Amino acid sequence: MDNKIRLEFTGIGENVALARLVVASLAGQLNFTLSDIEELKVAVSEAVSNSIIHGYNAVPSGIVILEAWSDIDSLVIKIVDMGKGIADIQKAMEPAYSTEPDRMGLGFVFMQSFMDDLQVDSEPGKGTTVTLVKKISTDAGRLNSSQN
Ligand SMILES: Nc1ncnc2c1ncn2[C@@H]1O[C@H](COP(=O)(O)OP(=O)(O)OP(=O)(O)O)[C@@H](O)[C@H]1O
Ligand SMILES: [Mg+2]
């Protein structure tokens with residue numbers, strides 16, 4: 001069954017946990033393993049934290065939108081902010097690159113390694129959209145389809 005959600009929230013640290021819970025709940029209804037769900041939670045936390053910390057410079061008035069939809073073989077999650085945007089996306093995605101000296105620059109590395117697909121769309125002054133795609137285990141899919 002196809003499912004779709006849209007959640008809009010204030011960009012404050014407490015809502016990182018909210019976004020993580022919502023995604024874990026959605027993923028729990030699908031054929032994901034526990035480790036898949038842990039990976040989804042990390043990737044979503046990283047993207048939402050980036051919107052809050054970088055997109056809105058931690059000013060707690062920015063709005064973050066989480067959209068998610070699932071179909072038979074994947075879960076797609078979009079994290080959208082209307083913050084400052086990213087001038088050089090390729091550079092931002094390099095391992096250990098950060099515009100803040102006290103950060104590790106590993107958020108995109110985690111998103112990339114835990115997801116099957118990662119897309120970053122951004123425009124300086126307009127905002128950033130991160131799209132995460134996680135495929136539902138093909139083994140489980142094959143098992144189901146052979147029973148039908
Ligand atoms: N939503 C966003 N809005 C504006 N800039 C962003 C956004 N997301 C990422 N960036 C930029 O991309 C850089 C790399 O992001 P990444 O998450 O990989 O590392 P980080 O956030 O700096 O460090 P870490 O995630 O390890 O704490 C950031 O330093 C920031 O400059
Ligand atoms: Mg980060």
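Keep in mind that what you see is a predicted model, and the values were worked out from it rather than measured. Note that ligands are numbered from 1 as they come in the structure, with each ligand's atoms numbered from 1 the same way.
- The shortest contact between atom 21 (O) of ligand 1 and any protein heavy atom is with His54 NE2, 2.6 Å.
- Using a 4.0 Å cut-off to heavy atoms of Met104, the atoms of ligand 1 that qualify are 23 (O), 26 (O).
- The shortest N or O to N or O distance between Ile86 and ligand 1 is not below 3.5 Å.
- Ligand 1 places these atoms under 4.0 Å from at least one heavy atom of Gly55: 2 (C), 3 (N), 4 (C).
- Residue Val109 has no N or O atom closer than 3.5 Å to an N or O atom of ligand 1.
- For atom 29 (O) of ligand 1, the nearest protein heavy atom (residue, atom name, distance) is Thr99 N, 3.0 Å.
- Closest approach of Gly107 and Glu46 over heavy atoms only: CA-OE1, 3.3 Å.
- In this structure, Arg20 CZ and Leu40 CG are separated by 12.5 Å, a value rounded to the nearest 0.5 Å.
- The shortest contact between atom 16 (P) of ligand 1 and any protein heavy atom is with Gly107 N, 3.6 Å.
- With a 4.0 Å cut-off on non-hydrogen atoms, Ile53 does not touch ligand 1 at all.
- The set of protein atoms (N, O or S) found at less than 2.8 Å from the Mg ion (ligand 2) reads Asn50 OD1, by chain and number.
- The protein heavy-atom contact nearest to atom 26 (O) of ligand 1 is Leu106 N, 2.8 Å.
- Residues Leu18 and Leu7 meet the side-chain proximity criterion, which asks for heavy atoms closer than 4.5 Å.
- In this structure, Ile136 CD1 and Ser70 OG are separated by 6.5 Å, a value rounded to the nearest 0.5 Å.
- Protein heavy atom closest to atom 18 (O) of ligand 1, with residue, atom name and distance, is Phe108 N, 3.0 Å.
- By the 3.5 Å distance cut-off applied to N or O atoms, Asp81 is counted among the residues near ligand 1.
- Ranking the protein heavy atoms by distance from atom 14 (C) of ligand 1 puts Ala92 O, 3.3 Å first.
- Here the closest heavy-atom approach between residue Phe32 and residue Lys135 is recorded as CE2-O, 3.3 Å.
- Of the inter-residue distances, the one linking Ser51 atom OG with Ile63 atom CD1 reads 11.5 Å to the nearest 0.5 angstrom.
- More than 12 heavy atoms of other residues, nucleotides or ligands sit less than 6.0 Å from atom NZ of Lys4.
- Heavy atoms of Gly105 come nearer than 4.0 angstrom to ligand 1 in at least one pair.
- Nearest protein heavy-atom contact of atom 4 (C) of ligand 1 is Gly85 O, 3.5 Å.
- Near Ser98, the atoms of ligand 1 lying under 4.0 angstrom from a non-hydrogen atom of the residue are 20 (P), 22 (O), 29 (O).
- Leu118 and Phe108 get closest at one heavy-atom pair: CD2-O, 4.0 Å.
- Minimum interatomic distance between Thr128 and Gly85 (heavy atoms only, all atoms of both residues): OG1-CA, 3.6 Å.
- Numbered from 1 in the order shown, with element, the atoms of ligand 1 that lie under 4.0 Å from a heavy atom of Glu46 read 25 (O).
- Counting heavy atoms under 4.0 Å from ligand 1, residue Thr128 touches it through the side chain alone.
- When non-hydrogen atoms are compared, ligand 1 lies under 4.0 Å from neither the backbone nor the side chain of Met93.
- At least one side-chain heavy atom of Ile53 sits less than 4.5 Å from a side-chain heavy atom of Glu100.
- What sits closest to atom 17 (O) of ligand 1 on the protein, heavy atoms only, is Asn50 ND2, 2.8 Å.
- Distance check: Ile5 CD1 to Glu67 CD gives 9.0 Å after rounding to the nearest 0.5 Å.
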